[in-house]
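We're numbering straight along the sequence, starting at 1.
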Amino acid sequence: MPLIITALGIVVLLVLIMKLRVQTLIALAIVSCLLAFALGMPLDAVVPAIEKGFGATLGGVGLIFVFGAILGKLLADAGGAQQISTTLIERFGESRVQLSVMVTAFVLGIALFFEVGLVLLIPIVYQIHRQTQKPLLYLALPMIAALSVTHAFLPPHPGPTVIASEYQASMGMVLIYGVIVAIPTLLLAGPLFVWLLKRTAPQFLEIKSVGDVTALGEVKELERAQLPSFSISAITAALPVLLMLLATVIKFVQDAWQIENNGWFEAIEMIGKPTMVMLISVLFAIFSMGVMRQRSMKELTASMETAVRSIAMLVMILGISGSFKEVLLQGGVGDYVKALFEHSDVSPLLLAWLIAAMIRAAQGSATVAALSTSAMVLPLMEASQVDPALMVLATGAGSVFLSHVNDTGFWLIKESFGLSIKQTFATWSVLETLISVFGLVFVLLLGLVV
């Protein structure tokens, strides 16, 4: 019954948005309340659940997203994104520019959370779109696929990192196996999927113009002589990656050598937190893309205010989608899905994928799906002596299955690229499902040889 109620709630949400043209924020709020009542939540728990989900989501990604948007806007307005895109086109060639975007996203995505990588790469993708006139989603989908693959399979992303700890898997082996699984998965779910989509349903790749996408506002074209150097532009864009990577390496060395924690290590750990990383990166961008470019503080402030205003509604939608997710969690939908497989004799790798996929489809969060699955399959994993690192990857693959309206990422992609719900289903939802299925296939194949 909880799954039927959830399905009906999703249908109501789609009708409100697609047929009745209700604003997405309001529609999500209405359906969150209706689902809470239908799932039998106590009346005095409905509003706290909605507020908790909203606050938890924005508390986790709100400042990251705002600072990331500001960083992207400063980089774009000063010509840094234009310099990066121009250099990439020149070095890779226009015919391979899609590959250059995907490789860049994969490298950056190893150390960046999905949301941070997205807001940093969006202005670069916009700029390449302007210069090459290639369809925006032709460039964006492989980039999104690269970020999603790293999120699902590679530490230090939260899902793989925490699951590896639960399964007592070697973090190094998870990373090695993760790269082996991630690369072919990315190639199939990224460029190949876009190639097939372009030939079978090109209407889903069509956005009238980059002006339809307002996540970071309009960006002016600059003359080549006015652009900052590639090195300072690349450093500004990559600084969040470098800071997170530095903090991760130092933490790894500390754990490996069993060095006692002290104030210095605590400071490094604090600096490595995504919110602090983005704040430091914004301050550096003010210097590198502002002071060094002789731009006035008034002009920089205007850029930052434009960035924040442009993403205000998107941030609110992200928050209310967290309320939707919290209602499903407190309503017991995730627990019901787990109970379906409690006494199953299916292979641990396939079982981990199935449970994670169903929980993901039911409540939306990839991280919650992965963590919920680990508690279920741990006893079966220990009895079957399956490789723990492969279990981490199978769980990670299942956790990104079928992103739809109860997933924050669904709305993030929709709003960032100005897509319709139909376009988002045909592109983002299918892409995530392909990553999940291909990821499982390559985990099973890898399991035959390790």
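Without hydrogens or angle criteria, W353 side chain to G396 main chain gives no donor-acceptor distance under 3.5 Å. Formation of a donor-acceptor pair under 3.5 Å by the Q423 side chain with backbone atoms of S420 is found in this model. The backbone N or O of Y138 lies less than 3.5 Å from a partner atom in the side chain of Q98, making a donor-acceptor pair. Here the side chain of W428 pairs no donor or acceptor atom with the backbone of K414 at under 3.5 angstrom. Proximity of a side-chain donor or acceptor of R96 to a complementary backbone N or O of F92 within less than 3.5 Å is detected. A donor-acceptor pair under 3.5 Å is formed between the side chain of Q23 and the backbone N or O of L25. Under the 3.5 Å distance criterion, the side-chain polar atoms of S436 are matched with a main-chain donor or acceptor of A397. Under the 3.5 Å distance criterion, the side-chain polar atoms of R293 are matched with a main-chain donor or acceptor of Q226. H404 places a side-chain N or O within donor-acceptor distance of the main-chain N or O of A361, the cut-off being under 3.5 Å.
The CG atom of L75 sits 11.0 Å away from the CD atom of Q82 when rounded to the nearest 0.5 Å. To the nearest 0.5 Å, atoms CZ (F438) and CG (L186) are separated by 12.0 Å. Note: I355 CD1 to S399 OG = 13.0 Å, rounded to the nearest 0.5 Å. Note that CD1 of I122 and CD1 of I144 are 7.5 Å apart. Values are rounded to the nearest 0.5 Å. The CG atom of L136 sits 8.5 Å away from the CG atom of L419 when rounded to the nearest 0.5 Å. Rounded to the nearest 0.5 angstrom, H151 NE2 and L147 CG are separated by 10.5 Å.
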Verify side chain to side chain contact (heavy atoms under 4.5 Å, CB included) between W411 and I320, making sure each step is shown before the conclusion.
-> CA-CA 10 Å; W411 302 106; I320 201 66; over 6 Å; no
Check against ring pair (Phe, Tyr, Trp, His ring centres under 6.0 Å), F153 and Y177 = CA-CA 9 Å; F153 298 126; Y177 289 168; over 10 Å; no
Could you please spell out the steps behind the side chain to side chain contact (heavy atoms under 4.5 Å, CB included) verdict for S233 and M289?
-> CA-CA 8 Å; S233 301; M289 297 289 112; 4.2 Å; yes
Criterion side chain to side chain contact (heavy atoms under 4.5 Å, CB included) on L440 and L350, from CA distance to verdict | CA-CA 8 Å; L440 172 66; L350 184 57; 3.9 Å; yes
Between L16 and I30, is a side chain to side chain contact (heavy atoms under 4.5 Å, CB included) present by the stated rule, with each step listed?
-> CA-CA 9 Å; L16 286 175; I30 292 171; 4.2 Å; yes
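Residues F67 and V308 are not in side-chain contact: their nearest non-hydrogen atoms beyond the backbone lie 4.5 Å or more apart. Within the 4.5 Å cutoff, the side chain of V97 has heavy atoms near those of the S100 side chain. Proximity of L187 to L192: side-chain heavy atoms (C-beta onward) are nowhere separated by under 4.5 Å. Between I124 and M143, the closest side-chain pair of non-hydrogen atoms is not below 4.5 Å. Residues I183 and F442 form no side-chain contact, since every pair of their non-hydrogen atoms from C-beta on lies 4.5 Å or further apart. At a threshold of 4.5 Å between non-hydrogen side-chain atoms, the residues L71 and M278 count as touching. With contacts defined as side-chain heavy-atom distances shorter than 4.5 Å, the pair V101/P142 does not qualify. By the 4.5 Å heavy-atom criterion applied to side chains, I268 and K251 are not counted as neighbours.
Residue A81 comes nearest to A76 through the heavy atom pair CB-CA, 4.0 Å, listed as atom of the first residue, atom of the second, then distance. Taking all atoms of both residues into account, the shortest heavy-atom contact from I5 to A38 is CD1-O, 3.3 Å. In this structure, V400 and A152 approach most closely via the heavy-atom pair CG1-CB, 3.7 Å. The nearest pair of heavy atoms linking V443 to L390 is CG1-O, 3.7 Å. Of all heavy-atom pairs spanning A169 and V174, the tightest one is CB-CG2, 4.0 Å. Closest heavy-atom contact between S323 and I50: OG-O, 2.6 Å.
Classified by interplanar angle (parallel below 30°, tilted 30° to 60°, perpendicular above 60°), the ring pair F417/Y126 is perpendicular.
Neither side chain, S403 nor S429, offers a donor N or O lying under 3.5 Å from an acceptor on the other. Side-chain atoms of T87 and Q83 include a donor-acceptor pair closer than 3.5 Å.
No option in S281, S288, S231 other than S288 meets the side chain to side chain donor-acceptor pair (under 3.5 Å) test with T236.
Within 6.0 Å of atom NZ in K134, more than 12 heavy atoms from other residues, nucleotides or ligands are found, so the atom counts as buried in its surroundings. The neighbour count for Q294 CD, taken as heavy atoms of other residues, nucleotides or ligands under 6.0 Å away, does not exceed 12.
In this structure E51 satisfies the salt bridge (charged side-chain N to carboxylate O under 4.0 Å, His left out) test with no other residue, sequence neighbours excluded. Listed by chain and residue number, nothing satisfies the salt bridge (charged side-chain N to carboxylate O under 4.0 Å, His left out) test with R21 (two or more places apart in sequence, or in another chain). The salt bridge (charged side-chain N to carboxylate O under 4.0 Å, His left out) search around R295 returns E299, not counting sequence neighbours.
At a threshold of 4.0 Å, the pair E305-K73 does not count as salt-bridged, since none of the basic side-chain nitrogens sits closer than that to a carboxylate oxygen.
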